[in-house]
There are 2 protein chains.
Amino acid sequence: MKWDALEEEPCSLARTVAVIGDRWSLLILRECFLRIRRFDEFQASLGITRHLLADRLKKLVRFGVLRRVPYQESPKRYEYILTQKGLDLYPIIMSIVHWGNIHMVDSRGRPMLHEHKNCGKMFDPVMVCSECGEPLTAKAVHVHPGPGARQSSPVHAKAQERAKRGAEST
Amino acid sequence: MKWDALEEEPCSLARTVAVIGDRWSLLILRECFLRIRRFDEFQASLGITRHLLADRLKKLVRFGVLRRVPYQESPKRYEYILTQKGLDLYPIIMSIVHWGNIHMVDSRGRPMLHEHKNCGKMFDPVMVCSECGEPLTAKAVHVHPGPGARQSSPVHAKAQERAKRGAEST
DNA sequence: ATACTACGTTCTATTTTAGAACTGTCAATA
DNA sequence: TATTGACAGTTCTAAAATAGAACGTAGTAT
């Protein structure tokens, strides 16, 4: 499968993966949320090759996640700023960080703590239902095809059936 | 940078990216949450090459995200089931889907809708603070080094300073 | 025997990435 | 005036990852 094909898939996950689903894009976005904005800063803090950095920044700009903004004339220099679309990636970044905090820390503990300015406390992110406010788990969610769906795949139907008959899990 | 180096980084995001930060792993996990469990089912529904599928499943098992469970003897056959560690990825998957729903849908609308069994309504996921329950935004969060941190990078310090002096954004 | 199912492995060609060097513009310094 | 340095990329070659197809294996069914 080509990257471009991902964008066309009738699946919001696949389309998002087309934007941020590679090793470097997520790390670049982490730096953006840590207020890194300039080419050489990204390069220095990530150790990414300049070649790939240029490529990924272009891609993120093309998708409207970053904006390339001039910060000086002569010589003209640009920095890369998160757009609203980019800022909206924050829940993704935070849930990735949180999973790492729970499942990937070593004996020394978390590399980073997060303080919520509103309440002044160190927090963890919690994902809740927009309708009832309860925390969400995979098992409490049922999926339906939406208006943008393509006819449901036979393999999924078969798996659903088997899962219903079978005992436990996922 | 090598993939193995990512696991060692003092950053929960980088360590999580080492597990799920490639095109296929996230798509495989999507299928897991849609109750796909068997090799040929993954292959059929994703169009991934058998080579890479075998490789990624091994990796996800190695990281403890999936469990390889026999479902029949003679010939011995296995299926791949999400562990608790894997189920805990749900907020990541849901926030990725939600961003796609908001920013990547075409005119036909969402490919998929989610129903919360607890309240019976179609919902969107919302990320809130574990301490005060308010929705989280990037600007309302302040980061601190944690016990597992390495000394803060000069480039980050520089960027922070510049960001404080400067006017708006991120 | 032959075909079929399920789960991989192996092979070659293509694409992507790593790593280093190079380019162009301008400002500051010697 | 010549040199150095900062910044933002581009270009090059070698190494690694991926795509696509074929092959292997172990059992059941015809």
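By convention in this document, chain letters (A, B, ...) are assigned in the order of the sequence lines, proteins followed by strands, and residues within each chain are numbered from 1. Only a predicted model underlies this, so the values are computations on that prediction, with no experimental measurement involved. Below, each value reflects all heavy atoms present in this structure, side chains not excepted, and no hydrogens, waters or symmetry copies.
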In this structure, is the centre-to-centre distance between the rings of H144(B) and H142(B) below 6.0 Å? yes

Once you round it to whole Å, what is the distance between P of dA16(D) and CG of L6(B)? 17 Å

Outermost nucleotides of DNA chain C that come under 4.0 Å of a non-hydrogen atom of chain A: dT17(C) to dA27(C)

Find the distance R68(A):CZ to dA8(D):C1' and express it as a whole number of Å. 8 Å

If the condition is side chain to side chain donor-acceptor pair (under 3.5 Å), which residues does T49(A) pass it with, not counting sequence neighbours? none

Considering residues at least two apart in sequence or located in another chain, which fulfil the side chain to side chain donor-acceptor pair (under 3.5 Å) criterion with R56(A)? D22(A)

Identify, with sequence neighbours excluded, every residue that meets ring-ring contact (aromatic ring centres under 6.0 Å, His included) alongside Y90(A). F33(A)

List in chain and number order the residues that pass side chain to side chain donor-acceptor pair (under 3.5 Å) with R68(B), two or more places apart in sequence or in another chain; answer none if no residue qualifies. Y80(B)

Test ring-ring contact (aromatic ring centres under 6.0 Å, His included) applied to H156(B) - qualifying residues, sequence neighbours left out: none

Inter- and intrachain pairs under side chain to side chain donor-acceptor pair (under 3.5 Å), touching residues 5-14 of chain A, at least two apart: S12(A)-N101(B)

Less than 4.5 Å apart, side chain to side chain, heavy atoms only: is that true for L13(A) and M112(B)? no

Please list, chain by chain and in numerical order, all residues satisfying ring-ring contact (aromatic ring centres under 6.0 Å, His included) with F42(B), sequence neighbours excluded. none

For dT10(D), does either OP1 or OP2 sit under 4.0 Å from a side-chain N or O belonging to K58(A)? yes

Considering residues at least two apart in sequence or located in another chain, which fulfil the salt bridge (charged side-chain N to carboxylate O under 4.0 Å, His left out) criterion with R150(B)? none

Measure the distance from CG on D40(A) to P on dT10(D) and round it to the nearest whole Å. 13 Å

Could you pick out which residue, D22(B) or K158(B), lies toward the 5' side of DNA chain D when each is mapped onto its nearest nucleotide? K158(B)

Using a cut-off of less than 4.0 Å, is there contact between a side-chain N or O of Y71(A) and OP1 or OP2 of dA8(D)? yes

With B for base contact, S for sugar-phosphate-only contact and - for none (protein heavy atoms under 4.0 Å), nucleotides 25-30 of chain D reads -BSS--

Name all residues meeting the side chain to side chain donor-acceptor pair (under 3.5 Å) criterion together with T83(B); count only those two or more places apart in sequence or in a different chain, and write none if there are none. none

Heavy-atom contacts under 4.0 Å between residues 41-55 of chain A and DNA chain C, which residues? T49(A), R50(A), L52(A)

